[in-house]
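Reading through the structure tokens given below for one structure.
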Amino acid sequence: MTTNRNFKRRVRARAARTGQSYTTALRHLRPSPQGEAAPEPPQVRLAVAQTTLREDPRDGAELRASGLEVRRLMREAHRAGARIVHFAEGATCSPHKRLLSADGPEEVGPADWNRFEWAALQEELTATARLAAELRLWTVLGSVHRLTPPHRPHNSLYVISDRGAVATRYDERMLSHTKVSYLYAPGSAPVTFEVDGVRFGCALGMEVHFPEIFGEYERLDVDCVLFSTTGGAPDDGGIFGIEARAHAATNRYWTSFAVPAGHGPLTPAGLIAPDGDWAARCPQDGTPALVVADVDGGAENEAAVLARPWRRRARAGLYESHLVRQDARSENRTGF
């Protein structure tokens with residue numbers, strides 16, 4: 001019992017010293033059996049997809065076409081050895097604000113969600129979950145999540161496990177003016193989940209403009225953020241992709257960037273490494289496609305091991321004891 005308490009104290013001490021979580025510190029201190037090599041870092045093969053943007057939720061045929069395309073890409077990801085596939089915001093359908101507007105289509109107003117073909121969407125989601133179980137493929141899929149009327153739905157990412165069950169769901173929190181005024185109810189919490197020892201977080205829509213979303217996931221020890229959006233098109237200069245790369249480098253974790261296929265000529269879907277560089281990208285020809293790459297667990301990733309703990313210490317008052325006080329040359333900011 002005493003040995004166990006001492007070991008736990010060592011783990012907590014390392015966590016305090018390095019800024020790592022208790023779980024991450026435990027990985028480094030847990031002894032290996034005699035003569036065995038240190039365990040390999042966790043790794044998972046991720047597929048990032050770009051799909052056709054369909055915006056009319058009143059059209060059951062469009063919803064079925066989206067479902068068929070998603071499942072075709074799931075099979076392609078499975079053949080490429082992926083354990084998880086990540087799709088864009090609204091991969092099932094990204095409702096256009098004018099098509100659902102009770103005052104439209106000439107004027108944008110509150111959405112009439114009774115126009116949505118909910119039954120067709122449910123059929124496609126069910127078929128997609130069934131295929132996820134068949135392929136043993138985790139599937140992260142952008143969709144609208146219906147609430148109890150009269151509440152507006154969430155703009156969401158379903159995390160479907162390799163057993164075909166909804167493991168969790170992320171709801172966009174930082175909604176645009178139009179979304180929060182006319183379309184959706186905001187979400188309220190971050191979401192994380194693990195696949196084969198690699199920890200994922202989710203972000204959605206315009207949340208790339210909010211660094212606090214991505215900083216929160218760093219503190220939650222994720223190895224990769226799955227960011228799904230319909231932004232990043234040529235008319236915004238590709239800023240979504242630029243910001244996603246910045247968040248990856250700042251927080252030293254992988255970032256998956258899933259967008260509609262039509263964005264391909266400027267910002268195709270892809271995977272961003274912890275140094276902010278693109279590790280893999282989809283074709284830029286505007287066609288539905290996916291790219292596959294391996295994601296390492298951040299706790300064992302060299303960049304994360306060195307940079308993330310140091311930055312946490314720096315934010316936690318590291319410099320306080322080094323400040324120079326009551327020095328005239330330090331306080332005088334107008335002379336050489």
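Side chains are part of it too, since the values below use all heavy atoms of this structure and drop only hydrogens, waters and symmetry mates.
Note that CZ of Arg130 and CZ of Arg71 are 8.5 Å apart. Values are rounded to the nearest 0.5 Å. Put simply, CE on Met206 and OG on Ser176 are 6.0 Å apart, with the number rounded to the nearest 0.5 Å. Rounding to the nearest 0.5 Å gives a distance of 10.5 Å between CG of Asp327 and CG of Asn332. Rounded to the nearest 0.5 Å, atoms CD (Glu55) and CG (Leu99) are 7.5 Å apart. Here CD of Glu243 is found 8.5 Å from CZ of Phe214. Values are rounded to the nearest 0.5 Å. Distance check, rounded to the nearest 0.5 Å: CD1 of Ile84 to OG of Ser256 gives 8.0 Å.
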Decide side-chain contact (heavy atoms from CB on, under 4.5 Å) for Leu73 and Thr51; before the verdict, give the C-alpha distance in whole Å, the side-chain angles of both, and the deciding distance to 0.1 Å. CA-CA 9 Å; Leu73 289 169; Thr51 50; 3.6 Å; yes
Kindly indicate, with the supporting measurements, whether the criterion side-chain contact (heavy atoms from CB on, under 4.5 Å) is fulfilled by Phe116 and Leu63. CA-CA 10 Å; Phe116 199 114; Leu63 293 170; 4.2 Å; yes
From CA spacing to verdict: side-chain hydrogen bond (donor to acceptor under 3.5 Å, both in side chains), Thr287, Asp285: CA-CA 6 Å; Thr287 61; Asp285 58 6; 2.7 Å; yes
With side-chain contact (heavy atoms from CB on, under 4.5 Å) as the criterion, how do Ser143 and Leu121 come out once you've worked through the C-alpha distance, each side chain's angles and the decisive distance to 0.1 Å? CA-CA 9 Å; Ser143 185; Leu121 175 63; 3.8 Å; yes
I'd like to know whether Thr128 forms a side-chain contact (heavy atoms from CB on, under 4.5 Å) with Met74, so could you lay out the CA-CA distance, the side-chain angles of the two residues, the decisive distance to 0.1 Å, and finally the verdict. CA-CA 9 Å; Thr128 298; Met74 288 171 65; 3.6 Å; yes
I'd like to know whether Glu107 forms a salt bridge (charged side-chain N to carboxylate O under 4.0 Å, His left out) with Arg98, so could you lay out the CA-CA distance, the side-chain angles of the two residues, the decisive distance to 0.1 Å, and finally the verdict. CA-CA 7 Å; Glu107 184 177 343; Arg98 294 187 181 276; over 6 Å; no
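When side chains are defined from C-beta on, Pro110 counts as touching Asp103, because their heavy atoms get closer than 4.5 Å. Inter-residue side-chain proximity for Ile213 and Pro211 is flagged as unmet; no heavy-atom pair is nearer than 4.5 Å. When side chains are defined from C-beta on, Pro288 counts as touching Arg72, because their heavy atoms get closer than 4.5 Å. Here the side chains of Thr267 and Phe257 are in contact, with some heavy-atom distance below 4.5 Å. Counting heavy atoms from C-beta on, the side chains of Leu157 and Arg169 never come closer than 4.5 Å. A heavy-atom distance below 4.5 Å is not found between the side chains of Pro265 and Gln284. Residues Leu271 and Val295 form a side-chain contact, since some pair of their non-hydrogen atoms from C-beta on lies under 4.5 Å apart.
Using a 4.0 Å cut-off between a side-chain N of Lys or Arg and a carboxylate O of Asp or Glu, Asp56 and Arg58 qualify as a salt bridge. With respect to the salt-bridge test (charged N to carboxylate O, under 4.0 angstrom), the residues Asp196 and Arg83 qualify. Ion pair Arg64/Glu69 not flagged as a salt bridge, since none of the NZ, NE, NH1 or NH2 atoms sits closer than 4.0 Å to an Asp/Glu carboxylate oxygen. Classification of Asp294 and Arg45 as a salt-bridged pair holds, one side-chain N sitting under 4.0 Å from a carboxylate O. With respect to the salt-bridge test (charged N to carboxylate O, under 4.0 angstrom), the residues Asp277 and Arg245 qualify. The pair Glu62-Arg54 does not meet the salt-bridge criterion, since no charged nitrogen lies less than 4.0 angstrom from a carboxylate oxygen. A salt bridge between Asp221 and Arg219 is absent, with no side-chain N of the basic residue lying under 4.0 Å from a carboxylate O of the acidic one.
Scanning both residues, Gly205 and Phe240, for their nearest heavy atoms gives O-CE2, 3.5 Å. Of all non-hydrogen atoms in Pro283 and Gln50, the two that sit nearest each other are O-NE2, 3.2 Å. Closest approach of Pro260 and Leu53 over heavy atoms only: CB-CB, 4.0 Å. The two residues Thr255 and Ala248 come nearest to each other via the heavy atoms OG1-CB, 3.4 Å. Smallest separation of non-hydrogen atoms from Val259 and Pro268: CG2-C, 3.9 Å. Nearest heavy-atom pair across Cys282 and Val48 is SG-O, 3.6 Å.
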Determine all donor-acceptor pairs shorter than 3.5 Å in which one atom belongs to a side chain in residues 318-325; sequence neighbours excluded.
unit_1 : atom_1 : unit_2 : atom_2 : d
Glu320 : OE2    : Arg325 : NH2    : 2.6

Residues 178-185 side chain polar contacts: donor-acceptor under 3.5 Å, at least two apart:
unit_1 : atom_1 : unit_2 : atom_2 : d
Lys179 : NZ     : Glu89  : OE2    : 2.7
Lys179 : NZ     : Glu172 : OE1    : 2.9
Ser181 : OG     : His177 : O      : 2.7

Tabulate below the donor-acceptor pairs under 3.5 Å that side-chain atoms of residues 132-141 make, not counting sequence neighbours, or state none.
unit_1 : atom_1 : unit_2 : atom_2 : d
Arg136 : NE     : Asp162 : O      : 3.0
Thr139 : OG1    : Leu137 : O      : 3.2

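A single hydrophobic cluster is not seen to contain both Val198 and Ile160; linkage of ILVMFWY side chains at heavy-atom distances under 4.5 Å, directly or through other members, places them apart. Using a 4.5 Å cut-off between side-chain heavy atoms of Ile, Leu, Val, Met, Phe, Trp and Tyr, with links allowed through other members, Val144 and Val166 fall into the same hydrophobic cluster. The same ILVMFWY cluster, assembled from side-chain heavy atoms under 4.5 Å apart, contains both Tyr253 and Val191. Side-chain heavy atoms closer than 4.5 Å link hydrophobic residues (I, L, V, M, F, W, Y) into clusters, and following such links, even through other members, never connects Val85 to Val44. Cluster annotation: Met174 is connected to Ile239 through the hydrophobic network of ILVMFWY side chains, with a link wherever side-chain heavy atoms come within less than 4.5 Å.
Contacts of His145 classified as ring-ring contact (aromatic ring centres under 6.0 Å, His included), with partners at least two apart in sequence or in another chain: Tyr158. Checked against side chain to side chain donor-acceptor pair (under 3.5 Å), Ser161 has no partners two or more places apart in sequence or in another chain.
Checked by atom type and distance alone, the side chain of Thr92 pairs as donor or acceptor with a backbone atom of Gly142 at under 3.5 Å. At least one donor-acceptor pair under 3.5 Å links the side chain of Trp118 to the backbone N or O of Trp113. Using modelled atom types, one side-chain atom of Glu207 and one backbone atom of Leu204 make a donor-acceptor pair closer than 3.5 Å. Between the side chain of Arg152 and the backbone N or O of Pro186 there is no donor-acceptor pair closer than 3.5 Å.
Screening residues 60-87 for ring pair (Phe, Tyr, Trp, His ring centres under 6.0 Å), with sequence neighbours left out, gives no hits.
No close placement of the His247 and Tyr217 rings is indicated, their centers lying 6.0 Å or farther apart.
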